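Computed from a prediction, not measured in an experiment: that's the story for all the values here. Sequential numbering from 1 along the given sequence is applied to the chain's residues.
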Amino acid sequence: MKRLIILAMLLTAMGTYAEKTNINIATQNTQLTLQVKDDGRLYQTYLGARLSDHTPLATLDMPRMAGASSIVTHGNEVYPVMGTEDFYEPAFEIRHADGNPTSVLKYVSHTQKGNETIITLRDELYPVTVALHYEVFPDEDIIKQWSEISHQEKGKVYISRYASSMLYFEADRYFLTEFTSEWIREMQMKTQELFFGKKIVDTRLGTRAALFAQPFFEVGLGRPVAEEEGTVLMGTIGWTGNFRFTFEVDHQRQLRVISGINPDASTYLLKKNEVFRTPDFYFTLSQNGAGEGSRRFQRWAIKHQLNKGEDDRMTLLNNWENTYFDFDEKKLTSLFEEAKDLGVDLFLLDDGWFGNKYPRKDDHAGLGDWQATTAKLPNGIPYLVKKANETGIAFGIWIEPEMVNPKSELAEKHPDWMLKLPNRDTYYFRNQLVLDLANPRVQDFVYSVVDNLMKENPQLKFMKWDCNSPITNIYSTYEKEHQGNLYIDYVRGLYNVLQRVHANYPDLYMMMCSGGGARSDFEGLKYFTEFWCSDNTDPVSRLYIQWGYSQFIPSKAMCSHVTNWNRQASVKFRLDVDFTCKLGFDIGLADMSEQDKQYCREAIQEYNRLKPIIYSPNLYRLMSPYDGEHCVLQRVNDDRSHALLFAYDIHPRVTDYQLPVCLRGLDAEAQYRVREICLMPGQQSWLDCHDKVYTGDYLMKVGLRVTSGNALVSHIIEIIKE
């Protein structure tokens, strides 16, 4: 009898598991499993390395298994709502038309077509629907998530939290690497251990959103994030506005990671039948450190997300640090000759070319009046485009179309277009205000800035789109009593403009800039071919800034310019730092020695030859500047036949012992010739490895001595399979 009872219990349990709905979302190496449980709600039951096809998914809600750090079994509802029995940070908060402050979302159905899974959840008492979307990129091991929220209630419904993603993890320790930021100190990597409670990384600046916090993070599960070892979650949000990442460790040491729009000052009035689509959240779960995760993100971005991701990039000469606002036609056309002599593809005219009633002599006036200043440029922009093309280079131009100076004709004609508090003193950041892109008329105006320039100058190849002010006076005349919609509608308005530009001028290359790197997200990069990492062009600072961005961003999207910042560093050192990214110059050739100019000319030729390797997603970060006074990184092509090694000595002590650097990503059985390139004219390499042949096995296990005790010395080393 006892055996029969036990057998009956087992059969009942098996039947229970069989009845549960399991939803499996997987890339080549990562698996997310969701399950509808007995209460009709959706839970995460697994997130980790991909399981065997023979693993029974129904058993994943059994008590946690030893050693399986990503198995979670309690309180792991996929989209919990504020006001239910979940005591921790929710994904969703709603106030119904009758004032009821919660919903209980239950599973209705799901579909899986191609690489996308859509799961529909619904409240049984209110006509509220949440559709959870998951799109996998199998080859790149990236998963994209977003949510779509809608209702059919009569009356006003407000949503005040609306996450794009909530993920759960279980490990003995958690270590967060965040990317703090400030003007000229962008993308600084900071690591801390997470304990009980919440750690929030967010921004509420509206436009120049990533000024203090960048929209990226890494979480080491069980150990701090390492380059080539350990389980690492890497995530980012595609939103050119206010975002929030919440990392909460509960009383049972389970971690929940919530990503989405920052809900502060953004209680959103959701109209009946309107679909509120949250931003896309992207993540990868690497079992082999951040290096593997970086290579996944860079390959994915090049192939699927970055505007013109698989196309070439143009080298350029920018006039800003050479002339600032002080230029005229004669000075600019002489710079065209310098650009041609240097060997770059394009000349970029920066700030200071516009405004007549209020000419742009400094940053106090002119923004909004996008007509060429006749006193400086009597023949207008068409003359400059023509002269540049005749010189043999393309022409690009700087704009800041979202902004307005109070001292401008635009501000006089349309004071209601500015974001400005109606009953308080106005605070001006950098002597300017933000235009109200929630307003469709303002969207039309901002689009017209690009459209008019392109119609007048069809040969224009490039635009640098700047955004120098956050939203400092949070009030929209257009939004009226619905000010909680402003931050969201602003970003949507920006995207409406960029979609029109992208559709009508698909061949236009554009740089995303925001007083440096205060805009750097992947949704913005759908419309921009590259972005300006920082106004800080000191090469030593750039090693840290670019090291941080390289965790997620492809090199061809990271603009890096040779300038006069840090004259203690040679022109060679400065250029060698920029050589690893999308190369440009912001320097006057007249002030350079002939030897330095010749080095730049030859380096540009090498850069053009080596673009396929420089832009390869196969990045190996070998020595971190955060760990000492050296920085070494490597790029390899897909078939492992060609690689570049970049080595930088920052400020080492001459007595330090220099160890060999072991390379990665090569063919162990192949023979490779190692040769230092980009040497100063007349200089010979003093590296022992120069022009020698090694096996890939030797290079990866024994390594090369490429660092020294010298300050501000750099080497670029080419490695070619024989």
Side-chain angles (χ1 to χ4, degrees), residues 20 32-48 60-64 68-96 98-107 119 121-126 128 130 132 145 147 149 157-176 192-202 217 219 221 233 235 237 243-264 266-268 278 281 283:
K20 296 183 188 299
L32 170 64
T33 300
L34 311 178
Q35 187 179 89
V36 183
K37 296 196 176 182
D38 296 337
D39 59 2
R41 290 150 75 169
L42 185 68
Y43 296 84
Q44 176 187 311
T45 54
Y46 182 79
L47 175 54
L60 290 178
D61 67 343
M62 295 292 284
R64 66 192 75 168
S69 64
S70 55
I71 298 289
V72 291
T73 60
H74 57 278
N76 54 346
E77 190 174 4
V78 171
Y79 212 71
V81 185
M82 174 70 85
T84 59
E85 68 276 11
D86 192 305
F87 301 139
Y88 294 95
E89 186 72 17
F92 184 47
E93 183 176 3
I94 187 170
R95 189 169 81 241
H96 297 283
D98 65 0
N100 192 307
T102 195
S103 273
V104 175
L105 299 175
K106 294 197 173 183
Y107 170 84
I119 305 168
L121 309 177
R122 193 168 294 144
D123 190 332
E124 293 177 336
L125 301 181
Y126 293 86
V128 173
V130 175
L132 305 178
Q145 292 182 249
S147 309
I149 303 162
V157 172
Y158 293 89
I159 53 176
S160 47
R161 281 182 175 86
Y162 24 79
S164 298
S165 167
M166 177 178 278
L167 302 174
Y168 296 85
F169 298 91
E170 194 167 78
D172 56 347
R173 300 176 77 183
Y174 308 100
F175 295 86
L176 169 68
Q192 63 180 275
E193 187 169 0
L194 298 174
F195 298 100
F196 175 81
K198 285 188 284 191
K199 162 68 178 180
I200 291 175
V201 177
D202 67 359
F217 68 82
V219 176
L221 300 176
L233 169 70
I237 188 115
F243 63 85
R244 174 176 288 179
F245 302 131
T246 302
F247 307 89
E248 185 169 25
V249 179
D250 68 18
H251 64 290
Q252 293 183 328
R253 294 199 58 76
Q254 179 175 285
L255 171 68
R256 63 177 66 187
V257 179
I258 309 170
S259 306
I261 294 173
N262 187 342
D264 285 356
S266 296
T267 297
Y268 188 89
T278 69
F281 172 72
F283 78 91

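Considering only heavy atoms from C-beta on, Thr84 comes within 4.5 Å of Thr102 through its side chain. Side-chain contact check for Phe195 versus Val249: every heavy-atom pair is 4.5 Å or farther apart. For the pair Phe283/Val257, no side-chain contact is recorded, criterion being any heavy-atom separation below 4.5 Å from C-beta on. Counting only heavy atoms from C-beta outward, the side chains of Tyr168 and Leu47 never approach each other to under 4.5 Å. Between Asp172 and Arg253 there is no side-chain heavy-atom pair separated by less than 4.5 Å. Taking 4.5 Å as the limit, every side-chain heavy atom of Pro80 sits out of range of all side-chain heavy atoms of Tyr88.
Between Asp98 and Asn100, the shortest heavy-atom contact is OD1-N, 2.9 Å. Across all non-hydrogen atoms, the minimal contact from Phe196 to His251 is CE1-N, 3.6 Å. The two atoms that bring Ser266 and Tyr162 nearest to each other are O-OH, 2.5 Å, heavy atoms only. Contact detail for Thr278 and Ala163: the closest heavy-atom pair is CG2-O, 3.8 Å. Minimum interatomic distance between Met166 and Glu89 (heavy atoms only, all atoms of both residues): CE-O, 3.3 Å. Across every non-hydrogen atom of Leu132 and Ser147, the tightest pair is CD2-OG, 3.7 Å.
The backbone N or O of Tyr46 sits nowhere less than 3.5 Å from a side-chain atom of Thr33 that would complete a donor-acceptor pair. Under a 3.5 Å cut-off, the side chain of Ser164 and the backbone N or O of Gln145 do not form any donor-acceptor pair. Between the side chain of Tyr174 and the main chain of Phe169, a donor-acceptor pair closer than 3.5 Å is present. Side chain of Arg161 to backbone of Pro263: no donor-acceptor contact under 3.5 angstrom is found.
For the atom pair OH of Tyr268 and CD1 of Ile261, the computed distance is 9.0 Å after rounding to the nearest 0.5 Å. With values rounded to the nearest 0.5 angstrom, Arg95 atom CZ is found 13.0 Å from Met82 atom CE. To the nearest 0.5 Å, atom OH of residue Tyr79 and atom CG of residue Leu121 are 9.5 Å apart. To the nearest 0.5 Å, atoms CZ (Phe247) and CG (Leu194) are separated by 7.5 Å. Atom OG1 of Thr246 sits about 4.5 Å away from atom CD1 of Ile200, to the nearest 0.5 Å. Remark: Ile258 CD1 to Lys198 NZ distance equals 8.0 Å, nearest 0.5 Å.
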Between Glu193 and Phe175, does a side-chain contact (heavy atoms from CB on, under 4.5 Å) hold up when you go through it step by step? CA-CA 4 Å; Glu193 187 169 0; Phe175 295 86; 3.7 Å; yes
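In this structure, Arg41 does not pair ionically with Asp86, as no charged nitrogen and carboxylate oxygen lie closer than 4.0 Å. Remark: Glu124 engages Lys106 in a salt bridge, criterion side-chain N to carboxylate O under 4.0 Å.
Considering Val78, Leu105, Val130 in turn, Val78 is the only one that fulfils the side chain to side chain contact (heavy atoms under 4.5 Å, CB included) rule with Leu42.
Using bins of under 30°, 30° to 60° and over 60° for the plane-to-plane angle, the ring pair Tyr126/His96 lands in the parallel bin. Ring planes of Phe245 and Phe217: perpendicular class, angle over 60° (limits at 30 and 60°).
Checked against side chain to side chain donor-acceptor pair (under 3.5 Å), Glu248 has no partners two or more places apart in sequence or in another chain.
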